[in-house]
Every structure is written in C-alpha cells, then in structure tokens.
Amino acid sequence: MKPVVLVMAASPSADVMAQLEQHFDCRHWWQQPREQQAAWLAGVAPEVRGVLTTGIIGMKAGLLAQLPKVEIVAVNGIGTDAVDLDATRARGVQVTNTPGVLTDDVADLALTLLLSAARRLPALDAYVRAGSWEAGKPIASTRALRGKVCGIYGYGRIGQAIGARAEAFGMQVHYFQPRAIDGVPAPRAESLLALARASDYLVVAAPGSPATHHTVNAEVLEALGPQGTLVNIARGSLVDEEALIAALGAGTLGFAALDVFADEPRVPAALRALDNVVLTPHVGSLTVETRHAMGQLVVDNLRAHFDGKALLTPVR
Ligand code: 8YV
C-alpha cells in the first residue's frame, strides 16, 4: 500500500506531480474549496504519513496535532520559519527542505529588484505606456551602480550569490550576519546598523526566525537614508513594515524593492500606493527549472524516507 501524503500545494512541474501520484497515495488539500478544507482535512488526517508543504504554509503545531501517524514534513522551499520545529522534534517527525537548488534564481531576482529600483524601471514603464515620451515630458536621470555599496544582511549561500552578482555590476559588497565567515573577501560590518550606514543598497537575505524578527527597524531604515534602497527577498518578518511605509512616505528612505511581505498575500494598501517601491509577489524561486528541481528534491526526500533510506536534505 502506498503511503498517504497530504499535499498542501501543487508543484508547477507536471513531472513532479506525476511522480507524487506514482509513489504516494496523494490527498490534495489545495484542490479543496476553501470553505470545505477543514472538514475534508478532518476526514483524511488519521491516515496521513507524509506532508508536502511550502515555505509559507509550513507546518503549524495545530495541524501537526491533527495528524497522529505523520512521520515526515517535506518543505518545498528553503525557509523553515513557518514550521513549528519544536513540535516536529517533540513528535520525532522528520523535516526536509530544498537548499541549494533555488540559490541562483533567488539571487537573480534580488539583482532584478535592485536594478529595477536603481534605474526606476516601474516609473519608466509607466512613462512609456502613458504616452509621456511622445508628449516630450521630462525624465529624471538615475544613478549608476558602479562604485556603490551593496550591503548584504545574511551572507549564506543566497547572500553570497547576490554578492557575486553585485560585484559583477561594479558594486562593493559588505555584509553583516552574527557569525563571521572565513575566507570571504567582503568586509563584515560590526552590526546591521553599521551595515545600513555604509550601504547604498541593503539587501535582506537572512532567514526568518524569532532572532531576526523586525531587525530591519526604523533606526536601520533611517541609517540607510534618503538616497538608500532596501531590497528584501528573504522574509517579510525581518522588516518592520509599518516603519518601512512611514520612512518611504516621509522620504527618509529612498526606495524599496520587495518580493516578500509581513502577511502574504496581503500587501498593505499604504505600501501599494507609494511610487518609490517596486513589488513582486514572492517569486524568487518561481522559474520552471528551479520549481522542478525543488519538487524533485521533495519527491526524493519523501521516497528516501518511506524506503528506509537516509534523507537527502534533512533540517536538523
Ligand atoms: C517558495 C521560499 O516560494 O524557499 C523558500 O523558503 O520562500 C520560496 O522559494 C515557497 O517555499 C513556496 O513554495
């Protein structure tokens, strides 16, 4: 008998979905109409042995408590901040994620956002669409990237991939994270505040956790300054969103380029109304290639677990 796996969200890869059906008895939560999801879940929960979830849905203690036979939670993403790891550990439930395979695409999106902010891409796009070019309306010059400081908050795999790309654009890379990294040429700032003071662009690439919650606060935003730009491709929880909206509105922060938000998919109307922002809907890893690779890693971890083999990418 195939193990019952609760699938919280579909993969865009048809091949991944076919493999899931081939190897597991899949129960698709995401296919249920919203108002029926709770009753449907109560019906399938007693048989569930594995869960496929996302970095955003994660695994809350409440859902875990409903799954008496669950053995493994496979996260289709790198972030595990939405998984109650204390609860999974207490139950002896294995957790896996998808490190490595999404690094390049997330770093590419960080640079896409940084460049969009630097060259004011949304305003230029609107200018052409509105016929302002033909009407001969003025266009403001933007600032070059070369020589500017790109501060990277969180200098792990993704942070370093962002650094390599920023250097290719002639930027100077500095970083901050609590633990210094040996053997990297980029200087480490003594604090996040010091990094913000030194940076023209501050890119957030640290994991979401209670320790990083709202660490990008009013003081850090003020230190980044009226000519500064905040880029966030990590988690909305790291940034005090109210302080960010206030700083952007007052012009004490120049610009923000954001892929992640405090309460996704809800983006505050006050943020959407600002013209010194560029906003994308949490799509750092959303390419055909990366979503396939992530889904494949999820399938491989689930198969390894149910075949009694070592997990490929366990979360410890
Ligand atoms: C995904 C992410 O969008 O990897 C992460 O932690 O936030 C993203 O790659 C998310 O997991 C949804 O699948």
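In this chain, residues are counted from 1 in sequence order. When a ligand or atom number is given, it counts from 1 through the structure's own listing order.
- When the shell of 6.0 Å around CD of Glu71 is examined, it contains more than 12 heavy atoms from other residues, nucleotides or ligands.
- Contact annotation: the side chain of Val299 never approaches that of Leu52 to less than 4.5 Å [non-hydrogen atoms, C-beta and beyond].
- Between the Asp108 side chain and the Leu111 main chain, no donor and acceptor come within less than 3.5 Å of each other.
- Scanning the protein heavy atoms around atom 2 (C) of ligand 1, the nearest turns out to be His282 NE2, 3.5 Å.
- Arg291 NH2, 3.1 Å is the protein heavy atom nearest to atom 3 (O) of ligand 1.
- Here is the list of ligand 1 atoms found below 4.0 Å of a heavy atom in Leu102: 4 (O), 9 (O).
- The shortest contact between atom 9 (O) of ligand 1 and any protein heavy atom is with Ser285 OG, 2.7 Å.
- At the shortest separation from atom 13 (O) of ligand 1 among protein heavy atoms lies Asn76 O, 3.0 Å.
- Of the N or O atoms in Thr54, none lie within a sub-3.5 Å distance of an N or O in ligand 1.
- A salt bridge between Arg165 and Asp104 is present, with a side-chain N of the basic residue lying under 4.0 Å from a carboxylate O of the acidic one.
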- Carefully, step by step, assess Val106 and Asp259 under the rule side chain to side chain contact (heavy atoms under 4.5 Å, CB included). CA-CA 10 Å; Val106 175; Asp259 185 48; over 6 Å; no

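- Near Arg235, the atoms of ligand 1 lying under 4.0 angstrom from a non-hydrogen atom of the residue are 2 (C), 5 (C), 6 (O), 7 (O).
- When the side chains of ILVMFWY residues are joined at heavy-atom separations under 4.5 Å, either directly or via intervening members, Val73 and Leu302 end up in two distinct hydrophobic clusters.
- Among protein heavy atoms, atom 4 (O) of ligand 1 sits closest to Ile78 N, 2.7 Å.
- Inclusion of Gly79 in the set of residues having an N or O under 3.5 Å from an N or O of ligand 1 is warranted.
- Side-chain N or O atoms of Ser237 include none that pairs as donor or acceptor with a backbone N or O of His213 at under 3.5 Å.
- Remark: minimum distance from atom 10 (C) of ligand 1 to any protein heavy atom is reached at Gly55 N, 3.8 Å.
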